Amino acid sequence: MPQENIKYAAWPTAWGPMGAVSSDKGLIRVILPHYELNDLRALLAFEYKQGQEDRSAFDALIELTRQYFNGQKPDFSSVLCNMPDEQTFSGKVYRACRAIGHGQTRSYAWLAGTAGNPDGARAAGAAMGKNPIPLIVPCHRVVSAGGRLGGFSAEGGVELKRKMLQLEGVKVP
(Lines give C-alpha, C1' and ligand atoms only; values in the text may rest on other atoms or scores of the structure.)
Protein backbone atom coordinates (compact mmCIF):
# COMPACT_ATOMS: atom_id res chain seq x y z
CA MET A 1 0.00 0.00 0.00
CA PRO A 2 1.56 3.34 -1.02
CA GLN A 3 2.33 5.83 1.73
CA GLU A 4 0.41 9.08 1.68
CA ASN A 5 2.24 12.25 0.77
CA ILE A 6 1.87 14.41 3.91
CA LYS A 7 2.67 18.13 3.76
CA TYR A 8 2.31 20.77 6.41
CA ALA A 9 2.88 24.49 6.87
CA ALA A 10 2.42 27.32 9.33
CA TRP A 11 1.93 30.98 8.42
CA PRO A 12 1.04 34.30 10.00
CA THR A 13 -2.43 35.86 9.80
CA ALA A 14 -3.84 39.06 11.29
CA TRP A 15 -5.02 37.02 14.29
CA GLY A 16 -1.80 35.07 14.71
CA PRO A 17 -0.15 32.02 13.20
CA MET A 18 -2.17 29.13 11.90
CA GLY A 19 -1.25 25.87 10.26
CA ALA A 20 -2.50 23.08 8.08
CA VAL A 21 -1.69 19.52 7.10
CA SER A 22 -2.70 17.81 3.87
CA SER A 23 -2.45 14.45 2.21
CA ASP A 24 -2.93 13.56 -1.43
CA LYS A 25 -6.68 13.41 -0.65
CA GLY A 26 -6.90 16.96 0.73
CA LEU A 27 -6.70 18.82 4.02
CA ILE A 28 -6.58 16.61 7.08
CA ARG A 29 -5.99 19.26 9.74
CA VAL A 30 -6.25 23.01 10.28
CA ILE A 31 -4.92 24.75 13.37
CA LEU A 32 -6.55 28.10 14.07
CA PRO A 33 -4.56 31.04 15.46
CA HIS A 34 -3.41 30.26 18.97
CA TYR A 35 0.31 29.36 18.99
CA GLU A 36 3.52 31.27 18.33
CA LEU A 37 4.76 30.66 14.77
CA ASN A 38 7.95 28.79 15.72
CA ASP A 39 6.08 26.70 18.29
CA LEU A 40 3.46 25.78 15.70
CA ARG A 41 6.10 24.80 13.15
CA ALA A 42 7.82 22.64 15.79
CA LEU A 43 4.49 21.05 16.77
CA LEU A 44 3.69 20.17 13.16
CA ALA A 45 7.19 18.79 12.54
CA PHE A 46 6.89 16.65 15.68
CA GLU A 47 3.38 15.36 14.97
CA TYR A 48 3.98 14.72 11.26
CA LYS A 49 7.49 13.29 11.21
CA GLN A 50 6.60 11.36 8.04
CA GLY A 51 5.61 14.60 6.31
CA GLN A 52 7.48 17.54 4.94
CA GLU A 53 7.07 21.25 5.43
CA ASP A 54 5.95 22.77 2.14
CA ARG A 55 4.39 26.19 2.44
CA SER A 56 3.92 26.50 -1.35
CA ALA A 57 1.45 23.58 -1.22
CA PHE A 58 -0.85 25.82 0.84
CA ASP A 59 -0.60 29.09 -1.13
CA ALA A 60 -4.32 29.25 -1.96
CA LEU A 61 -5.36 28.33 1.59
CA ILE A 62 -2.94 30.87 3.05
CA GLU A 63 -4.47 33.63 0.94
CA LEU A 64 -8.02 32.61 1.87
CA THR A 65 -7.27 32.45 5.60
CA ARG A 66 -5.54 35.82 5.52
CA GLN A 67 -8.58 37.29 3.80
CA TYR A 68 -10.85 35.75 6.43
CA PHE A 69 -8.91 37.05 9.44
CA ASN A 70 -8.73 40.49 7.78
CA GLY A 71 -12.54 40.64 7.81
CA GLN A 72 -13.22 39.65 4.21
CA LYS A 73 -15.57 36.88 3.02
CA PRO A 74 -13.43 34.32 1.21
CA ASP A 75 -14.99 31.26 -0.38
CA PHE A 76 -13.44 28.08 0.99
CA SER A 77 -15.63 25.76 -1.12
CA SER A 78 -12.83 24.95 -3.57
CA VAL A 79 -10.49 23.74 -0.81
CA LEU A 80 -10.17 19.97 -1.08
CA CYS A 81 -10.76 18.26 2.26
CA ASN A 82 -10.12 14.68 3.26
CA MET A 83 -13.37 14.02 5.14
CA PRO A 84 -15.16 10.86 6.23
CA ASP A 85 -17.05 9.02 3.50
CA GLU A 86 -20.18 10.88 2.41
CA GLN A 87 -22.31 7.84 3.28
CA THR A 88 -21.39 8.06 6.96
CA PHE A 89 -23.23 10.34 9.37
CA SER A 90 -20.05 12.29 10.15
CA GLY A 91 -19.35 12.72 6.45
CA LYS A 92 -22.86 14.03 5.89
CA VAL A 93 -22.55 16.37 8.88
CA TYR A 94 -19.21 17.82 7.66
CA ARG A 95 -20.60 18.37 4.16
CA ALA A 96 -23.75 20.04 5.52
CA CYS A 97 -21.61 22.24 7.74
CA ARG A 98 -19.50 23.34 4.77
CA ALA A 99 -22.68 24.74 3.21
CA ILE A 100 -23.27 27.18 6.11
CA GLY A 101 -22.41 30.57 4.69
CA HIS A 102 -20.30 33.38 6.09
CA GLY A 103 -22.24 35.29 8.74
CA GLN A 104 -24.83 32.55 9.17
CA THR A 105 -25.38 30.12 12.01
CA ARG A 106 -27.28 26.86 12.20
CA SER A 107 -28.21 24.66 15.12
CA TYR A 108 -26.90 21.19 15.87
CA ALA A 109 -30.49 19.97 15.28
CA TRP A 110 -30.50 21.58 11.82
CA LEU A 111 -27.15 19.97 11.05
CA ALA A 112 -28.41 16.55 12.17
CA GLY A 113 -31.63 16.88 10.17
CA THR A 114 -29.72 17.96 7.05
CA ALA A 115 -27.48 14.92 7.51
CA GLY A 116 -30.55 12.67 7.61
CA ASN A 117 -30.98 12.11 11.35
CA PRO A 118 -33.43 14.67 12.79
CA ASP A 119 -33.00 13.19 16.29
CA GLY A 120 -29.21 13.27 16.11
CA ALA A 121 -28.33 16.73 17.44
CA ARG A 122 -25.97 15.26 20.05
CA ALA A 123 -24.31 13.05 17.46
CA ALA A 124 -23.90 16.08 15.18
CA GLY A 125 -22.33 17.93 18.10
CA ALA A 126 -19.96 15.03 18.70
CA ALA A 127 -18.94 15.08 15.03
CA MET A 128 -18.33 18.83 15.22
CA GLY A 129 -16.25 18.32 18.37
CA LYS A 130 -13.94 16.05 16.36
CA ASN A 131 -13.75 18.32 13.29
CA PRO A 132 -10.05 18.42 12.37
CA ILE A 133 -10.46 21.15 9.74
CA PRO A 134 -12.19 24.09 11.44
CA LEU A 135 -12.88 27.23 9.42
CA ILE A 136 -12.89 25.20 6.19
CA VAL A 137 -15.60 23.01 7.74
CA PRO A 138 -17.00 26.01 9.65
CA CYS A 139 -18.05 24.35 12.89
CA HIS A 140 -17.83 27.75 14.60
CA ARG A 141 -21.11 28.56 12.78
CA VAL A 142 -22.97 25.74 14.54
CA VAL A 143 -24.70 26.83 17.75
CA SER A 144 -26.94 25.28 20.37
CA ALA A 145 -30.70 25.64 20.41
CA GLY A 146 -31.76 29.18 21.20
CA GLY A 147 -28.57 30.63 19.76
CA ARG A 148 -26.24 29.74 22.65
CA LEU A 149 -22.70 29.27 21.42
CA GLY A 150 -22.30 25.70 22.64
CA GLY A 151 -18.79 24.30 22.57
CA PHE A 152 -15.74 24.77 20.37
CA SER A 153 -12.97 22.20 20.41
CA ALA A 154 -10.30 24.30 18.68
CA GLU A 155 -7.53 25.84 20.77
CA GLY A 156 -8.93 29.10 22.10
CA GLY A 157 -12.27 27.46 22.86
CA VAL A 158 -15.61 29.23 22.91
CA GLU A 159 -13.98 32.68 23.12
CA LEU A 160 -12.34 32.10 19.73
CA LYS A 161 -15.69 30.90 18.35
CA ARG A 162 -17.31 34.11 19.65
CA LYS A 163 -14.63 36.30 18.05
CA MET A 164 -14.92 34.48 14.70
CA LEU A 165 -18.70 34.88 14.66
CA GLN A 166 -18.37 38.55 15.59
CA LEU A 167 -15.87 38.98 12.75
CA GLU A 168 -18.57 37.62 10.44
CA GLY A 169 -21.12 40.10 11.78
CA VAL A 170 -23.10 37.61 13.85
CA LYS A 171 -24.62 39.02 17.04
CA VAL A 172 -23.62 36.61 19.79
CA PRO A 173 -24.95 36.40 23.34
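Below, all heavy atoms of this structure are taken into account, side chains as well, without hydrogens, waters or symmetry copies. The structure displayed is predicted, hence computed values, not measured ones.
The nearest pair of heavy atoms linking Arg55 to Pro12 is NH1-CD, 4.2 Å. When all heavy atoms of Gln67 and Pro74 are compared, the pair lying nearest together is OE1-CB, 3.3 Å. Residues Ala57 and Lys7 come closest through the heavy atom pair CB-CD, 3.8 Å. A pairwise comparison of heavy atoms in Val142 and Cys97 identifies CG2-SG, 4.0 Å as the closest pair. Here the closest non-hydrogen pair linking Ser144 and Gly150 is OG-CA, 3.4 Å. Of all the heavy atoms in Cys139 and Phe152, the pair that sits closest is SG-CE1, 3.7 Å.
No side-chain heavy atom of Leu64 sits less than 4.5 Å from a side-chain heavy atom of Ile62. A 4.5 Å side-chain heavy-atom check between Leu27 and Val79 finds at least one atom pair inside the cut-off. Arg41 is listed as a side-chain neighbour of Glu53, based on a closest heavy-atom distance under 4.5 Å. Here the side chains of Ile100 and Thr105 are not in contact, with every heavy-atom distance at 4.5 Å or above.
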- Task: Under the side-chain contact (heavy atoms from CB on, under 4.5 Å) rule, what do Leu32 and Met164 come out as? Steps first, then yes or no, please.
- Result: CA-CA 11 Å; Leu32 296 175; Met164 291 171 72; 4.0 Å; yes

- Task: Apply side-chain contact (heavy atoms from CB on, under 4.5 Å) to the pair Glu155 and Leu160, showing each step before the final yes or no.
- Result: CA-CA 8 Å; Glu155 293 291 339; Leu160 179 59; over 6 Å; no

- Task: Under the side-chain contact (heavy atoms from CB on, under 4.5 Å) rule, what do Leu165 and His140 come out as? Steps first, then yes or no, please.
- Result: CA-CA 7 Å; Leu165 290 172; His140 66 284; 4.0 Å; yes

- Report the C-alpha distance between Phe58 and Thr65 in whole Å, list the side-chain angles of each, state the deciding distance to 0.1 Å, and finish with yes or no for side-chain contact (heavy atoms from CB on, under 4.5 Å). CA-CA 10 Å; Phe58 298 93; Thr65 59; over 6 Å; no

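Applying the under-4.5 Å side-chain rule to Ile, Leu, Val, Met, Phe, Trp and Tyr, the cluster around Leu37 consists of that residue alone. The hydrophobic cluster around Leu44 extends to Ile6, Tyr8, Val21, Ile28, Ile31, Tyr35, Leu40, Leu43, Tyr48, counting ILVMFWY residues whose side-chain heavy atoms fall within less than 4.5 Å of a member.
Using a 30° and 60° split on the angle between ring planes, Trp15 and Phe69 fall in the tilted class, from 30° to 60°.
Heavy atoms from other residues, nucleotides or ligands lying under 6.0 Å from CD of Glu36 number 12 at most. Under a cut-off of 6.0 angstrom, the local environment of NZ in Lys49 is crowded, with over 12 non-hydrogen atoms contributed by other residues, nucleotides or ligands.
The backbone N or O of Gly156 sits nowhere less than 3.5 Å from a side-chain atom of Lys161 that would complete a donor-acceptor pair. Checked by atom type and distance alone, the side chain of Arg66 never pairs as donor or acceptor with a backbone atom of Thr13 at under 3.5 Å.
Remark: Lys73 does not engage Glu168 in a salt bridge, criterion side-chain N to carboxylate O under 4.0 Å.
The list of salt bridge (Lys or Arg N to Asp or Glu O under 4.0 Å) pairs with a residue in residues 85-104, not counting sequence neighbours, is empty.
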Sequence neighbours excluded and cut-off under 3.5 Å, please list the side-chain donor-acceptor pairs for residues 126-138, or say none.
residue, atom, partner, partner atom, Å
Asn131, OD1, Ile133, N, 2.9
Asn131, ND2, Val137, O, 2.8

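Arg162 meets the salt bridge (charged side-chain N to carboxylate O under 4.0 Å, His left out) test with Glu159; sequence neighbours excluded. Taking Glu63 as the reference, nothing meets the salt bridge (charged side-chain N to carboxylate O under 4.0 Å, His left out) condition, with sequence neighbours excluded.
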